[in-house]
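Written below as structure tokens is the structure these notes are about.
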Amino acid sequence: MSENITIHHYDLSREKRNNRNQHKSFVLWFTGLSGSGKSTIANKVEAALFEKNKQVYSLDGDNIRSGINKGLGFTKEDRYENLRRIAEVAKLFVDAGHITVAAFVSPTYKDRDLVKNIIGEKDFIEVFVDTSLEECERRDVKGLYKKARAGEIKNFTGIDAPYDAPKNPDIHIKTEEKTVDQAVEEILNHINTLI
């Protein structure tokens, strides 16, 4: 950090915002392969929380890459920087008093540890959207697996880049055994004690 930067502390704190919102702020971090259902489930969780008058906002991989992270590619270094920036944005939303719903492949333990360290462990809830590679390829909603198999996309998670499945996620959703609505209900039940 530059020695010319001074952190300014404002009068409005996260605690004051949480009190006004009548709920705690934290991050629900959805991880899983492309096509696993992360964004679909995250979208429904956001809508359900909004209907309960919670301050909530979603951050999604494709949306972020079309704006703040537009110039980043999919190299190992760019993926790391992509997640670092997203974690910093999520941390700002937590400070603003929002429940932040974040849906990102975040393929490695190192990636998710980076995010957790930036946001803070007590504010980070890891949701593993567990879907087999075979099922993700069968769905292939965006046609990405087909392109990756044809060599048109390099460093694609699950094909020629690794995915480290979380060992102890806070919430483990097996999408091949549950409907989207059942997954949403499980997540809401888990966080009810937090909000």
Side-chain angles (χ1 to χ4, degrees), residues 1 25-43 45-46 56-95 98-137 139-142 144-145 147-149 152-175 183 187 190-191 194:
M1 187 182 332
S25 53
F26 53 87
V27 176
L28 279 170
W29 189 272
F30 290 74
T31 180
L33 292 169
S34 178
S36 63
K38 296 181 303 300
S39 296
T40 300
I41 297 168
N43 182 43
V45 167
E46 180 189 32
V56 60
Y57 192 82
S58 282
L59 301 171
D60 181 79
D62 286 343
N63 296 354
I64 292 287
R65 281 187 173 274
S66 68
I68 195 169
N69 288 346
K70 193 176 196 174
L72 296 176
F74 290 91
T75 65
K76 187 177 177 183
E77 295 77 19
D78 279 357
R79 285 173 180 244
Y80 191 81
E81 179 60 15
N82 180 54
L83 289 173
R84 187 196 68 75
R85 291 182 192 179
I86 292 159
E88 293 289 357
V89 169
K91 183 178 177 181
L92 291 173
F93 272 96
V94 170
D95 189 55
H98 284 61
I99 297 168
T100 308
V101 178
F104 297 91
V105 174
S106 41
T108 69
Y109 301 126
K110 183 181 175 185
D111 292 333
R112 294 188 298 272
D113 283 345
L114 167 76
V115 171
K116 188 187 299 185
N117 288 334
I118 290 170
I119 293 168
E121 190 169 347
K122 68 181 179 55
D123 296 322
F124 180 86
I125 300 168
E126 185 176 60
V127 182
F128 177 28
V129 182
D130 187 356
T131 308
S132 68
L133 177 61
E134 295 73 25
E135 178 62 15
C136 290
E137 285 198 74
R139 295 176 186 173
D140 204 8
V141 180
K142 302 173 188 174
L144 299 176
Y145 285 100
K147 288 181 180 178
R149 291 283 186 198
E152 295 171 32
I153 299 175
K154 301 292 182 197
N155 301 314
F156 192 79
T157 303
I159 304 300
D160 59 350
Y163 181 79
D164 300 331
K167 292 178 181 171
N168 295 300
D170 299 295
I171 304 170
H172 190 166
I173 303 295
K174 296 184 178 183
T175 67
I187 293 164
H190 182 90
I191 65 173
L194 302 173

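Heavy atoms only: backbone and side chains are in, while hydrogens, waters and symmetry mates are out.
- Ala183 and Ile41 make their closest contact through CB-CD1, 4.0 Å (heavy atoms, listed as atom of the first residue, atom of the second, distance).
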Would Lys38 and Val105 count as a side-chain contact (heavy atoms from CB on, under 4.5 Å) here? Give the steps. CA-CA 8 Å; Lys38 296 181 303 300; Val105 174; 3.9 Å; yes
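- The closest side-chain heavy-atom distance from Phe104 to Ile64 is below 4.5 Å.
- Side-chain contact of Arg79 with Thr108: a donor-acceptor pair under 3.5 Å is absent, judged by distance alone.
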Before you tell me yes or no, could you show the steps for Phe74 and Phe156 under ring-ring contact (aromatic ring centres under 6.0 Å, His included), namely the whole-Å CA-CA distance, both residues' side-chain angles and the distance that decides it to 0.1 Å? CA-CA 8 Å; Phe74 290 91; Phe156 192 79; 8.3 Å; no
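- Listed by chain and number, the residues in a side chain to side chain contact (heavy atoms under 4.5 Å, CB included) with Ala87 are Val115, Ile118, Ile119 (sequence neighbours excluded).
- Between Gly158 and Leu33, the shortest heavy-atom contact is CA-CD2, 4.2 Å.
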Begin from the C-alpha positions of Ile86 and Asn82 and carry the test side-chain contact (heavy atoms from CB on, under 4.5 Å) through to its verdict. CA-CA 6 Å; Ile86 292 159; Asn82 180 54; 3.6 Å; yes
Does the side-chain contact (heavy atoms from CB on, under 4.5 Å) test come out yes or no for Lys110 and Tyr80, once each step is laid out? CA-CA 9 Å; Lys110 183 181 175 185; Tyr80 191 81; 3.9 Å; yes
For a quick test of your reading: what N or O donor-acceptor pairs under 3.5 Å do the side chains of residues 125-133 make, sequence neighbours left out?
unit_1, atom_1, unit_2, atom_2, d
Glu126, OE2, Arg112, NE, 3.0
Asp130, OD2, His172, NE2, 2.7
Thr131, OG1, Ser36, O, 2.9
Thr131, OG1, Thr175, OG1, 2.5
Ser132, OG, Glu135, N, 3.1
Ser132, OG, Glu176, OE1, 3.2
Ser132, OG, Glu176, OE2, 3.2

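- For Tyr57, the ring-ring contact (aromatic ring centres under 6.0 Å, His included) partners two or more places apart in sequence, or in a different chain, are Phe93.
- Not a single donor-acceptor pair under 3.5 Å links the side chain of Tyr145 to the backbone N or O of Ile159.
- Sorted by first and then second residue, the salt bridge (charged side-chain N to carboxylate O under 4.0 Å, His left out) pairs with a member in residues 152-174 form an empty list; sequence neighbours excluded.
- Among all heavy-atom pairs drawn from Ser106 and Tyr163, the shortest one is O-CE1, 4.2 Å.
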Apply the test side-chain contact (heavy atoms from CB on, under 4.5 Å) to residues Lys76 and Asn155: give CA-CA distance (whole Å), side-chain angles for both, the deciding distance (0.1 Å), then the verdict. CA-CA 8 Å; Lys76 187 177 177 183; Asn155 301 314; over 6 Å; no
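- Counting heavy atoms from C-beta on, the side chains of Leu72 and Arg85 come closer than 4.5 Å.
- A search for side chain to side chain contact (heavy atoms under 4.5 Å, CB included) contacts involving Lys142 returns Asp62, Leu144, not counting sequence neighbours.
- For Asn43, the side chain to side chain contact (heavy atoms under 4.5 Å, CB included) partners at least two apart in sequence or on another chain are Glu46.
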